[in-house]
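Report on one structure; see the data block that follows.
Whatever order the structure lists ligands and atoms in, that order sets their numbers, starting from 1. Note that the structure is a prediction, hence the values are computed from the model and not measured. Just so you know, residue 1 is the first one in the sequence shown, and it goes up from there.
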Amino acid sequence: MKKLALHWKIIIGMVLGIIFGFIMNSVSGQQFVTDWIAPFGTIFINLLKLIAVPLILASLIKGISDLKDISKIRDMGLRTIAIYVGTTLVAIIIGLSIVNLVKPGTGMPQDTIEKIKIKYENDAGVTDKLAKASAQQDAGPLQALVDIFPSNIFQAMGEAKMLQIIFFALFVGICLLLIGEKKAKPMIDIFDSLNEVVMKMVDLIMLFAPYAVFALMANVIIAFDDTEILLKLLQYALCVVGGLLLMIGFYLILIKVFVKKSPMWFLNKISPAQLLAFSTSSSAATLPVTMERVEEHLGVDKEVSGFVLPVGATVNMDGTSLYQGIAAVFIMQVIWPDGLTFTNQLIIVLTALLASIGSAAVPSAGMVMLVIVLESIGFPAELLPIGLALIFAVDRPLDMCRTVVNVTGDATVSMMVAKSLNKLHDDPRPKEWDDHYEEVK
Ligand code: ASP
């Protein structure tokens with residue numbers, strides 16, 4: 001398998017995992033997959049999460065201190081946020097246009113709605129999302145701002161609070177600039193070295209990726225139990241997937257026009273991160289791989305990727321907001337057609353933008369925030385469980401697809417910001433896990 005490119009190895013692992021999952025479904029071997037296969041996927045995700053926090057800290061502190069100029073940090077920050085907001089707005093508009101044109105929810109037969117309602121309305125997955133959404137809403141209006149400032153960095157690291165860690169790293173980086181080069185050097189060297197170590201860990205963990213995606217995909221397949229309902233929701237699902245594909249097309253145009261690079265080259269280099277996003281449904285778990293691909297394969301300077309990617313994994317979720325726009329209107333088309341006004345759709349644009357910023361980069365987070373989007377337009381509370389039940393059956397596959405778009409969006413924006421700051425290298429040299437193996441074996 002040595003000569004095969006990494007993305008092919010991962011694709012083979014995925015396809016075999018899917019086939020294996022279907023075989024296990026047909027011989028009632030679901031329990032076997034849960035007990036003996038799925039844990040390997042969990043180990044892989046744990047390892048990625050394990051290195052995400054040290055990676056963000058090290059690369060951001062090193063990156064900021066390398067910028068050598070506080071005004072450059074402000075420039076980079078403003079550009080990043082502006083482009084992130086811009087791409088998210090495009091995503092929501094694409095989503096709303098498609099769902100209004102295709103109208104996947106209009107005319108859904110009453111007996112299908114009843115069937116879905118009976119099956120999923122009281123499902124633990126649905127009630128859990130509603131409970132999480134109401135916990136999020138009980139907080140005051142400025143809670144999101146307060147939440148950026150940690151009172152204990154170890155607790156923030158332990159709970160993987162990304163924005164708190166980013167704030168701390170920025171704070172340390174700026175103070176390193178302010179104490180002068182001589183005093184800052186020892187600490188910068190430590191973070192530089194830590195960054196190298198964590199990147200090497202990414203290389204090693206990725207050796208395990210093809211096997212891990214096998215386990216992850218097999219585990220996803222055994223969870224699909226009702227193909228009849230899946231088919232009924234096909235039109236809705238295709239609207240989301242179509243919108244997500246258009247969004248990928250939009251990124252490729254940005255890469256061609258603004259970054260002046262070949263879209264195919266970009267896709268080829270970023271594909272391992274996309275495949276992992278698909279398999280794990282979590283942009284946070286994929287972050288270390290996204291960073292490795294963007295820095296070592298796409299040539300974005302650490303100073304830029306160290307800031308743009310962790311921030312993006314947390315606040316930029318174009319796939320999620322596109323999905324929220326489509327899902328909200330689809331649910332209205334099915335059970336609350338009176339709500340389908342132009343004003344409500346404008347409110348959806350705004351709330352889906354904020355919701356994607358507030359969504360955690362973990363599986364299914366987009367569905368929790370969808371509840372908040374729906375509530376913002378006065379969606380009747382008693383219909384909420386039915387609304388979520390309607391889209392629940394296809395949420396996991398759509399989550400996998402929207403996570404790919406979330407990760408691709410972050411990578412695209414990091415290239416745009418790097419290009420605009422002259423921090424994009426033409427000839428990146430990827431490091432391999434065994435570059436120094438001969439010296440130490
Ligand atoms: N799973 C998505 C992510 O991690 C979030 C969501 O849309 O549910 O990027």
| remark: of all protein heavy atoms, closest to atom 2 (C) of ligand 1 is Thr403 OG1, 3.3 Å
| Per-atom contacts, ligand 1 versus Ser282 - under 4.0 Å to a heavy atom | 4 (O)
| said: Would you say CE of Met201 has more than 12 non-hydrogen atoms from neighbouring residues, nucleotides or ligands within 6.0 angstrom? | reply: no
| task | Would you mind reporting whether Phe307 and Ile73 have side-chain heavy atoms less than 4.5 Å apart? | result | no
| message | Taking NZ in Lys115 as the centre, count heavy atoms belonging to other residues, nucleotides or ligands within less than 6.0 Å. Is the count above 12? | response | no
| task | Provide, to 0.1 Å, the distance between atom 8 (O) of ligand 1 and the closest protein heavy atom, together with that atom's residue and name. | result | Gly366 N, 2.7 Å
| Any N or O of Met317 that comes nearer than 3.5 Å to an N or O of ligand 1? | no
| Ligand-side contact atoms (ligand 1) for residue partner Thr320, heavy atom cut-off under 4.0 Å | 5 (C), 6 (C), 7 (O)
| query | Ala284 to ligand 1: N or O pair under 3.5 Å? | reply | no
| query | Any chance NZ of Lys72 has more than 12 other-residue heavy atoms, nucleotides or ligands included, within less than 6.0 Å? | reply | yes
| Under-4.0 Å heavy-atom contact with ligand 1, by part of Ser283 that carries it | both
| said: Against Lys431, only a single residue in Glu296, Glu292, Glu295 fulfils side chain to side chain contact (heavy atoms under 4.5 Å, CB included); can you say which? | reply: Glu296
| request: Any atoms of ligand 1 less than 4.0 Å from a non-hydrogen atom of Ser364? List them with their elements. | output: 8 (O)
| said: For Ser356 and Asp318, which I'm curious about, is there any donor-acceptor pair between the side chains at under 3.5 Å? | reply: no
| request: Specify side chain, backbone, both or neither for Ala277, according to which of its non-hydrogen atoms lie closer than 4.0 Å to ligand 1. | output: neither
| note | Counting from 1 in the order shown, the ligand 1 atoms closer than 4.0 Å to a non-hydrogen atom of Val362 are 1 (N), 2 (C), 4 (O), 5 (C), 8 (O)
| field | Phe167, CZ: over 12 other non-hydrogen atoms inside 6.0 angstrom | value | yes
